[in-house]
Number of protein chains: 2
Amino acid sequence: MSNKIRRSMPLFPMGTVMKLTELSARQIRYYEEHQLIRPERTEGNRRLFSLYDIDRLLEVKDLLDEGINMAGVKKILLQEENKEVHSNVKEAAGKDKKDFTNEEVRKLLRKELINAGRFHRDDLPPGERYRYFH
Amino acid sequence: MSNKIRRSMPLFPMGTVMKLTELSARQIRYYEEHQLIRPERTEGNRRLFSLYDIDRLLEVKDLLDEGINMAGVKKILLQEENKEVHSNVKEAAGKDKKDFTNEEVRKLLRKELINAGRFHRDDLPPGERYRYFH
DNA sequence: AATTCATGTAATAAAACCTAACATAGGTTT
DNA sequence: AAACCTATGTTAGGTTTTATTACATGAATT
């Protein structure tokens with residue numbers, strides 16, 4: 001019923017993520033090298049990031065800004081991830097889960113997120129309205 | 001407090017929008033030609049679509065699927081847009097609005113949407129979890 | 001039959017992205 | 001201090017994706 005974006009859906013290209021996170025492409029690729037994110041790829045091998053990935057990148061950035069090095073960041077984030085894996089597994093175990101294909105997920109996304117938001121234009125920053133209704 | 005995406009923010013490239021809407025690039029450009037969407041452009045002139053645009057495209061698609069032609073679609077959607085303009089103007093008038101730069105909007109987005117969602121990994125479709133925690 | 005509409009397709013150019021390699025400023029270790 | 005490591009910058013060469021423009025087409029309309 002909400003129009004939240006499915007956080008795991010690969011949607012954003014490098015350029016968008018760079019702007020959103022204020023990280024360089026080099027940094028983003030470096031963090032991927034260290035397994036802190038695992039963006040999907042298009043058929044043509046271009047990265048597609050999810051909101052998860054963006055969250056992750058912002059966390060990495062914060063931790064590095066605090067003076068923690070990559071080893072520390074990895075420890076912290078990967079241990080967090082493990083907690084989530086466990087809770088997810090537990091949750092899934094009790095849920096008689098179904099496997100969705102990418103295509104199915106896209107359809108879900110369309111219905112659940114995007115359609116839900118149609119005609120609900122109430123979350124714009126005031127100054128932005130005029131860019132769409134000049 | 002929510003992690004809704006700011007619906008006017010230009011984020012998505014053509015390829016993503018094609019998958020999400022199941023429209024061809026030709027169709028999307030054609031609808032833009034008819035002013036039904038007005039996606040932003042990158043410095044390099046590539047389109048960047050917002051959730052608004054995606055909404056719009058899905059509406060166009062639906063209406064066309066119902067057998068309505070472009071003239072009708074335009075009438076319907078542009079009149080709807082006008083209603084919104086009016087309500088937005090009224091709203092804005094009473095609100096002592098501020099004009100945000102793109103950069104400011106990005107910062108707001110980061111804080112308001114993305115950070116709000118950190119560590120809230122509870123909206124995944126069951127089958128998708130394993131793509132991130134293998 | 002001629003025209004219009006909505007879309008497909010092809011050609012060409014440029015933007016954005018990829019990988020890989022080398023460069024480097026600041027710490028760290030020997 | 002010399003050598004090393006870390007996190008990031010930069011550059012080069014290649015590929016993918018997107019842009020524009022032009023022409024093509026089947027279905028509907030005139």
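All heavy atoms count here, side chains included; hydrogens, waters and symmetry mates do not. What you see is a predicted model; the values in this text were computed from it and never measured. Quick note on labels: first sequence line is chain A, next is B, and so on, each numbered from 1.
One cannot find a donor-acceptor pair under 3.5 Å joining the base of dT17(D) and the side-chain atoms of Arg46(A).
Rounded to whole Å, the distance from NZ on Lys61(B) to C1' on dT7(C) is 14 Å. Glu22(B) has its CD atom 14 Å from the P atom of dT7(C), to the nearest Å. Rounding to whole angstrom units, CZ of residue Phe12(A) and P of dT17(D) are separated by 18 Å. Separating the CD atom of Glu40(A) from the P atom of dC17(C) is a distance of 17 Å, rounded to the nearest angstrom. Taking atom CD of residue Glu33(A) and atom P of nucleotide dC18(C), one finds them 13 Å apart after rounding to whole Å. Atom CD in Gln27(A) sits about 17 Å away from atom C1' in dC17(C), given to the nearest Å. Summarising the geometry, the separation between CD on Glu43(B) and P on dA15(C) is reported as 10 Å, rounded to the nearest angstrom.
Near DNA chain C, defined here as any heavy-atom distance below 4.0 Å, there are no residues from residues 64-71 of chain A.
Of the listed residues (Gln35(B), His34(B), Gln79(B)), just one forms a side chain to side chain donor-acceptor pair (under 3.5 Å) with Lys74(B), and that residue is His34(B).
Closest to the Met14(B) side chain, of the nucleotides dA19(D), dT7(C), dG9(D), is dA19(D). Each of dG8(C), dA7(D), dC18(C) was ranked by its minimum atom distance to the side chain of Tyr30(A); first place goes to dA7(D).
Between Leu57(B) and Leu20(B) there is no side-chain heavy-atom pair separated by less than 4.5 Å. For the pair Arg46(B)/Pro13(B), no side-chain contact is recorded, criterion being any heavy-atom separation below 4.5 Å from C-beta on.
Phosphate proximity of dG9(D) to Ser24(A): present, with a side-chain N or O under 4.0 Å from OP1 or OP2. In this model, the phosphate group of dA16(C) is approached by a side-chain N or O of Thr42(B) to a distance below 4.0 Å at OP1 or OP2.
When each of His34(B) and Pro13(A) is assigned the nucleotide of DNA chain C bearing its nearest heavy atom, the one mapping closer to the 5' terminus is His34(B).
Under the 3.5 Å distance criterion, the side-chain polar atoms of Arg56(B) are matched with a main-chain donor or acceptor of Leu36(B). Thr21(A) places no side-chain N or O within donor-acceptor distance of the main-chain N or O of Leu58(A), the cut-off being under 3.5 Å.
Partners of Asn69(B) by side-chain hydrogen bond (donor to acceptor under 3.5 Å, both in side chains), not counting sequence neighbours: none found.
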List the protein contact pattern of nucleotides 20-30 of chain D with one symbol per nucleotide (5' to 3'): B for base contact, S for sugar-phosphate-only contact, - for none; contact means a heavy-atom distance under 4.0 Å. B----------
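The residues Glu40(A) and Lys19(B) are annotated as not salt-bridged, no charged nitrogen and carboxylate oxygen being separated by less than 4.0 angstrom. Between Asp53(B) and Arg47(B) there is no salt bridge, since no side-chain N of the basic residue sits under 4.0 Å from a carboxylate O of the acidic one.
Of all non-hydrogen atoms in Val73(B) and Ile68(B), the two that sit nearest each other are N-CG2, 3.6 Å.
Judged by Watson-Crick or G-U wobble contacts below 3.5 Å, the nucleotide dG14(D) has dC17(C) as its partner.
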